[in-house]
Amino acid sequence: MLCDPFSPATKDEYAAFEFVEGRPDARLLLLCDHASARVPPELGDLGLPPSEFDRHIAYDIGMRGVTLRLAETLGVPAVLSTTSRLVIDPNRGEDDPTLVMRLSDGAVVPGNARVDAAEVRRRLDRYHRPYHDAVTARIDAMIDAGETPVVIALHSFTPAWKGRPRPWHAGLLWDRDDRLTKPLLAALEAEGDLVVGDNEPYDGALKGDTMHRHGTERGLPHVLVELRQDLVADEAGQAGWAARFARLLPPILDRPEMRRITHFGSRTDTRRRTP
């Protein structure tokens, strides 16, 4: 099921995030950084044909559906970005050189070719920061209610990269905090029908990304889940993965270490000493 990046909206109506309320006592927060291929009206189509918005360069295929189904099943809150990663990537720090991509997996993005510092600031203020402010506000509210939020970000990856098939059905990305990753990895492997990547197909230590900002820096249990896109491209696949996580997560969330704010630091904090 593919997103329509050209759903009608005016500039004033455009919202940078979608929010699912969840139960007042919920301890799990779901995030979907790349939920939509939508481009804000003032940016048109970024000079790209519609076919490019069906690709992974525009959004994480299948993950809005998985996120919404899982949030509904467990009764937990979720925050989802409504803006294509081609406009600005919510899963990058504000100073990351890949924040606004001019070239993405072979596709030149004409609408980003002449983006200057002022336009980057405008996109940060209009699309990137409101999404992260919404995540921060939800985390703060959960802590104020006496809960330790557990944060899961949901992403998807291509079945092959540069001509090489990727064997994993799912991957768990993490930095130094393994409180959530370790038991979830064990639970997924125990299913018996999955190849699960441990920091595959990407590494989970990226300074300034969503998990670094809202998990690592706040000392909250967290993990970034990657699902292979061919497994979640339709509603049946999305429903199946949401049901799987809805079954596996509750006993993990009840573990005592999930109820503590603990700072583990980050592998990105390591700096080479100068003589």
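Since this is a predicted model, take the numbers as computed values, not measurements.
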For this session: Mind listing the closest non-hydrogen atom pair of L206 and D209 along with its distance?
Result: O-OD1, 2.9 Å
Exercise. Measuring from R69:CZ to L74:CG, what's the distance to the nearest 0.5 Å?
Worked result: 13.5 Å
Exercise. If you take all heavy atoms of G204 and L173, which pair is closest and at what distance?
Worked result: CA-CB, 3.7 Å
Problem set entry | Reported CG-to-OG1 distance for the pair D89 and T210, which is rounded to 0.5 angstrom | 8.0 Å
For this session: State whether W161 and R164 meet the cation-pi test: NZ (Lys) or CZ (Arg) under 6.0 Å from the six-membered ring centroid, and within 45° of the perpendicular axis.
Result: no
Seminar exercise, completed: When every non-hydrogen atom of P167 is compared with those of R228, the smallest separation belongs to O-NH1, 3.8 Å
For this session: Supply the atom-to-atom distance R129 CZ to T136 OG1, rounded to the nearest 0.5 angstrom.
Result: 12.5 Å
For this session: Taking all heavy atoms of Y131 and all of L80, pick out the closest pair and write down the distance.
Result: CE1-C, 3.7 Å
Exercise. Can you tell me if T82 and E18 form a side-chain donor-acceptor pair at under 3.5 Å?
Worked result: no
Exercise. Counting N and O atoms only, with roles assigned by atom type, does the side chain of T148 sit under 3.5 Å from a partner on the main chain of R259, one being a donor and the other an acceptor?
Worked result: yes
Exercise. Would E21 and R138 satisfy salt bridge (Lys or Arg N to Asp or Glu O under 4.0 Å), going step by step from the backbone distance to the final call?
Worked result: CA-CA 9 Å; E21 185 66 38; R138 178 46 44 180; 3.7 Å; yes
Problem set entry | Intermediate values then yes/no, side-chain contact (heavy atoms from CB on, under 4.5 Å), K207 and D269 | CA-CA 8 Å; K207 192 173 184 66; D269 295 336; 3.9 Å; yes
Exercise. So among T98, D33, N91, D60, which one has a side-chain hydrogen bond (donor to acceptor under 3.5 Å, both in side chains) with R85?
Worked result: D60
Exercise. Would you find a donor on one side and an acceptor on the other, under 3.5 Å apart, between the side chain of R126 and the backbone of P40?
Worked result: no
Exercise. Between M142, H222, E147, H214, which is the residue that forms a side-chain contact (heavy atoms from CB on, under 4.5 Å) with L29?
Worked result: M142
Exercise. Hey, what do you get for CZ (R260) to CZ (R255), rounding to the nearest 0.5 Å?
Worked result: 10.5 Å
Problem set entry | Intermediate values then yes/no, side-chain contact (heavy atoms from CB on, under 4.5 Å), F17 and D133 | CA-CA 10 Å; F17 63 90; D133 288 347; over 6 Å; no
Exercise. What's the spacing between F245 CZ and T73 OG1 if we round to 0.5 Å?
Worked result: 13.0 Å
Exercise. Can you check whether A205's main-chain N or O pairs, donor with acceptor, with R176's side chain at less than 3.5 Å?
Worked result: no
Exercise. A71 and A78: which non-hydrogen atoms are nearest, and at how many Å?
Worked result: CB-CB, 4.1 Å
Problem set entry | Least distance between heavy atoms, T216 atom then G265 atom | CG2-O, 3.5 Å
For this session: Please round to the nearest 0.5 Å and tell me the distance separating atom CD of E226 and atom CE of M63.
Result: 8.0 Å
For this session: Check whether any side-chain N or O of S84 sits under 3.5 Å from a backbone N or O of A58 as a donor-acceptor pair, and report yes or no.
Result: yes
Exercise. Going by the angle between their ring planes, with limits at 30° and 60°, are Y127 and Y14 parallel, tilted or perpendicular?
Worked result: perpendicular
Exercise. In a check of side-chain contact (heavy atoms from CB on, under 4.5 Å) between W174 and each of L180, L184, D198, which one passes?
Worked result: D198
For this session: May I have the step-by-step check of salt bridge (Lys or Arg N to Asp or Glu O under 4.0 Å) for R166 and E200, ending in yes or no?
Result: CA-CA 10 Å; R166 287 166 157 173; E200 296 285 1; over 6 Å; no
For this session: Check the pair D116, R122 against salt bridge (Lys or Arg N to Asp or Glu O under 4.0 Å), reporting the backbone distance first and the verdict last.
Result: CA-CA 10 Å; D116 58 13; R122 190 193 72 82; over 6 Å; no
For this session: Please answer whether the main-chain N or O of I139 pairs with a side-chain N or O of R218 as donor and acceptor at a distance below 3.5 Å.
Result: no
Exercise. With a cut-off of 6.0 Å (strictly less than), are more than 12 heavy atoms of other residues, nucleotides or ligands near CZ of F157?
Worked result: yes
Exercise. Quick one: does R179's side chain have a donor or acceptor within less than 3.5 Å of a partner on E257's backbone?
Worked result: yes
